[in-house]
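Sequence lines set the chain letters: A, B, ... in the order given, protein chains first and strands last, and positions in each chain run from 1.
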Amino acid sequence: KQEVTQIPAALSVPEGENLVLNCSFTDSAIYNLQWFRQDPGKGLTSLLLIQSSQREQTSGRLNASLDKSSGRSTLYIAASQPGDSATYLCAGTCAMNRDDKIIFGKGTRLHILP
Amino acid sequence: KAGVTQTPRYLIKTRGQQVTLSCSPISGHRSVSWYQQTPGQGLQFLFEYFSETQRNKGNFPGRFSGRQFSNSRSEMNVSTLELGDSALYLCASSHSGQVASEQFFGPGTRLTVL
């Protein structure tokens with residue numbers, strides 16, 4: 001059974017620091033891994049999508065990596081800003097019981113201290 | 001290009017009632033997925049529709065159902081509401097027929113069951 005885990009559940013860092021958010025999954029047979037951002041009471045905003053054949057994706061100050069062999073993905077945020085404060089979720093797409101499903105982690109709540 | 005829209009944004013119902021939520025995908029997107037988000041369970045996949053057919057399904061009881069229309073708009077119905085159905089219901093659309101394509105989320109419908 002595919003499980004996606006995000007540690008820590010919450011993180012506070014001073015503005016300007018670089019930081020890494022972690023995501024681990026139990027089944028390496030994933031099609032892709034996607035990182036999202038969610039602001040309080042809002043929907044999800046897609047940040048980066050890494051296909052299983054890729055190792056990383058970059059967008060601006062964000063870089064996401066995927067290591068299927070170790071079952072891990074990381075989201076690197078450079079030069080953090082107060083506007084980066086949000087909950088970050090990772091989600092893996094995999095096959096389960098002949099269905100394709102997207103499994104989400106429970107997220108890391110990030111607070112950037114001004 | 002308009003994003004994914006969901007109506008209504010907020011809904012209050014009582015136990016035993018039924019509810020219908022609506023999702024309009026991004027123009028040109030043919031896949032619509034539904035998710036339930038609660039503080040305890042996080043984001044859980046309900047089902048996915050593609051070209052008016054349910055393509056994938058999560059592990060929710062039969063009280064949760066959905067459909068998709070020829071214009072790709074989708075509705076989700078929950079019958080015989082229970083207190084535990086209180087949640088944020090999110091829908092997401094994607095462009096291609098491949099389950100691994102990037103998902104774009106709507107703002108969600110906040111359902112409260114009293």
According to a hydrophobic-cluster definition based on side-chain heavy atoms being under 4.5 Å apart (Ile, Leu, Val, Met, Phe, Trp, Tyr only), do [X] and [Y] belong together?
X        : Y       : answer
A:Ile112 : A:Leu47 : yes
B:Leu11  : B:Phe64 : yes
B:Phe104 : B:Tyr89 : no
A:Ile77  : A:Leu48 : yes
B:Phe50  : B:Leu46 : no

Check the pair A:Lys42, B:Leu90 against side chain to side chain contact (heavy atoms under 4.5 Å, CB included), reporting the backbone distance first and the verdict last. CA-CA 9 Å; A:Lys42 302 282 181 64; B:Leu90 294 161; over 6 Å; no
Output the distance between atom [atom1] ([X]) and atom [atom2] ([Y]), rounded to the nearest 0.5 Å.
X        : Y        : atom1 : atom2 : value
A:Asn32  : B:Gln103 : CG    : CD    : 8.5 Å
A:Ile102 : B:Ser94  : CD1   : OG    : 7.5 Å
B:Leu43  : A:Leu44  : CG    : CG    : 5.5 Å

Between B:Tyr35 and A:Phe104 (judged by ring centroids, cut-off 6.0 Å), do the two rings come close enough to count as a pair? yes
Of all of A:Ser52, A:Gly43, A:Ala91, which one pairs up most often with chain B through heavy atoms under 4.5 Å apart? A:Gly43
Option that, when pairs with chain B are counted at under 4.5 Å, heavy atom only, ranks first among A:Gly105, A:Ser46, A:Gly107: A:Ser46
Applying a strict 4.5 Å limit to non-hydrogen atoms, the region of B:Leu88 in contact with chain A is side chain
Go through the atoms of B:Gln44 and report whether side chain, backbone, both or neither lie under 4.5 Å from a heavy atom of chain A. neither
So for atom [atom1], which belongs to [X], do other residues, nucleotides or ligands contribute more than 12 heavy atoms lying within a distance under 6.0 Å?
X       : atom1 : result
B:Arg9  : CZ    : yes
A:Arg61 : CZ    : yes
B:Arg73 : CZ    : yes

Which bit of A:Lys106 comes within less than 4.5 Å of chain B, counting heavy atoms only: side chain, backbone, both or neither? side chain
Quick one: what part of A:Ile30 sits under 4.5 Å from any heavy atom of chain B, side chain, backbone, both or neither? neither
